[in-house]
Amino acid sequence: WDNAELVQQYARADRVTRPFGRVLVDNSGIAASVGQGKDVHAIDLATGTGAVIQGIYDAVPTEGWSGLKVTGTDVSQHMLDYLKGKGEREGWTGLQTQIADGNNLRLPAETYTHAFVSFGIFVMKDSALPNIHAALKPGGFVGLTTWARLGWLPLFYKAMAELEDAPYTPTEKEFEGTLYQDRDWTSPAFVSSVLQSAGFTKVETEVKKYRLPSGTAKQLVDSLQMPLRLMGAFWDESIREE
């Protein structure tokens, strides 16, 4: 995950994940908190190139940025370098970045008012959510997103069917089992259950569906490089190189 080329592919895929991140930001009430003069310290775990952080700064009026403290964390320094550069160009005051492994979180207790994990919680261990809960101030907010359905899979299966000598093609269930580590992150009931088990209350889930522009054929293919890397886990090295 930590190379400059992958960062650019990830950034292009942001146009798909950004609308879902904006739902988290809107539901968090973070803009209202800033408007009321409350101290706000948000953390975005597995931030990638900062789709959720973009949503935070879009939601809060520029004059309110001085009341924001936002920490973006990721296991990839290249991702954080991209985010830091974007923040500097956009003038995002209060933004800081920090290396953090979602599978080994060491967050300070009762520090953050808001926590976000956009399309990253399913690659983290079960211990992540209790750690996030402990890091939130009393009354804090957590928002996370996961995929109810992998909308790109039908495209992948159609393309594979066109190949004369296609490599092994895992079923949707097999792929989801690998991606979600055999946990049912596609189920709203499961998401509610794990949040409640971690200590969260007033849990709400919502399934959202967006029809998003894919751009040119090349832009679509570029945006699919990330899921194709994940699919490569089912192939041996010689197949992946081809």
Side-chain angles (χ1 to χ4, degrees), residues 1-26 28 30-31 33-34 38-125 127-129 131-137 140-146 223 225-226 229:
W1 296 97
D2 197 14
N3 69 73
E5 180 183 357
L6 185 60
V7 171
Q8 294 302 320
Q9 294 173 358
Y10 204 97
R12 286 190 286 269
D14 268 1
R15 68 177 180 270
V16 176
T17 62
R18 195 175 297 129
F20 299 97
R22 183 58 190 264
V23 171
L24 298 184
V25 173
D26 290 345
S28 76
I30 197 169
S33 294
V34 172
K38 297 179 180 179
D39 290 332
V40 172
H41 188 178
I43 184 168
D44 183 31
L45 297 153
T47 188
T49 51
V52 169
I53 290 176
Q54 171 82 62
I56 292 173
Y57 282 95
D58 285 347
V60 176
T62 307
E63 59 270 21
W65 289 1
S66 60
L68 271 178
K69 188 175 182 182
V70 181
T71 301
T73 76
D74 203 278
V75 72
S76 166
Q77 185 61 54
H78 280 97
M79 295 285 189
L80 296 180
D81 289 344
Y82 179 96
L83 174 60
K84 183 179 179 181
K86 184 174 183 178
E88 291 172 350
R89 292 191 300 273
E90 299 289 340
W92 292 344
T93 57
L95 174 64
Q96 57 186 15
T97 60
Q98 177 183 327
I99 285 283
D101 183 353
N103 284 320
N104 188 26
L105 289 177
R106 299 174 183 271
L107 302 175
E110 296 189 4
T111 299
Y112 307 101
T113 57
H114 301 73
F116 302 94
V117 193
S118 184
F119 299 110
I121 193 64
F122 45 76
V123 299
M124 298 181 185
K125 294 179 180 178
S127 60
L129 280 173
N131 286 334
I132 294 169
H133 183 272
L136 284 169
K137 292 182 177 181
F141 172 91
V142 65
L144 57 88
T145 55
T146 182
S223 67
Q225 292 305 304
M226 289 290 293
R229 286 174 181 266

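Ser76 approaches Asp74 most closely through the heavy-atom pair N-OD1, 2.9 Å. The shortest non-hydrogen separation linking Ala128 to Ile121 is CB-CD1, 4.4 Å. In plain terms, the two heavy atoms of Ala46 and Gly120 that are nearest each other are CB-CA, 4.5 Å. Residue Ser118 comes nearest to Val52 through the heavy atom pair CB-CG2, 3.5 Å, listed as atom of the first residue, atom of the second, then distance. Residues Ala31 and Ala59 share a closest heavy-atom pair of CB-O, 3.6 Å. Listed here is the closest heavy atom pair of Ile132 and Ala115: CG2-CB, 3.8 Å.
Residues satisfying the side-chain hydrogen bond (donor to acceptor under 3.5 Å, both in side chains) criterion with Lys137, sequence neighbours excluded, are absent altogether. Partners of Thr146 under the side-chain contact (heavy atoms from CB on, under 4.5 Å) rule, at least two apart in sequence or in another chain, are Phe122, Tyr180, Trp185, Val191. Every residue meeting the side-chain contact (heavy atoms from CB on, under 4.5 Å) condition with Val40, not counting sequence neighbours, appears here in chain and number order: Ile30, Ser33, Val34, Leu68, Thr113, His114. Applying the side-chain hydrogen bond (donor to acceptor under 3.5 Å, both in side chains) rule to Arg22 yields the partners Asp26; only residues at least two apart in sequence or on another chain are considered. Gln96 meets the side-chain hydrogen bond (donor to acceptor under 3.5 Å, both in side chains) test with Thr71; sequence neighbours excluded. In this view, Tyr112 and His41 satisfy the ring pair (Phe, Tyr, Trp, His ring centres under 6.0 Å) rule, not counting sequence neighbours. With sequence neighbours left out, the side-chain contact (heavy atoms from CB on, under 4.5 Å) criterion links Asp81 to Gln77.
If you take CD1 on Ile43 and CZ on Phe116, they are separated by 11.0 Å, rounding to the nearest 0.5 Å.
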Report the C-alpha separation of Leu95 and Glu90 in whole Å, then their side-chain angles, then the decisive distance to 0.1 Å, and conclude whether the side chain to side chain contact (heavy atoms under 4.5 Å, CB included) test is met.
-> CA-CA 11 Å; Leu95 174 64; Glu90 299 289 340; over 6 Å; no
Walk me through it: do Leu144 and Leu129 pass the test side chain to side chain contact (heavy atoms under 4.5 Å, CB included)?
-> CA-CA 10 Å; Leu144 57 88; Leu129 280 173; 3.9 Å; yes
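Using a 4.5 Å cut-off on side-chain heavy atoms (C-beta onward), Leu83 and Trp92 make contact.
The side chain to side chain donor-acceptor pair (under 3.5 Å) pairs that include a residue from residues 42-65 are Asp14-Thr49, Asp44-Thr47, Gln54-Asp58, Gln54-Lys86, where partners are two or more places apart or lie in different chains.
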Kindly list each side-chain donor-acceptor pair under 3.5 angstrom involving residues 100-107, sequence neighbours excluded, with atom names and distances?
unit_1	atom_1	unit_2	atom_2	d
Asp101	OD1	Asn103	N	2.9
Asn103	OD1	Lys125	N	2.7

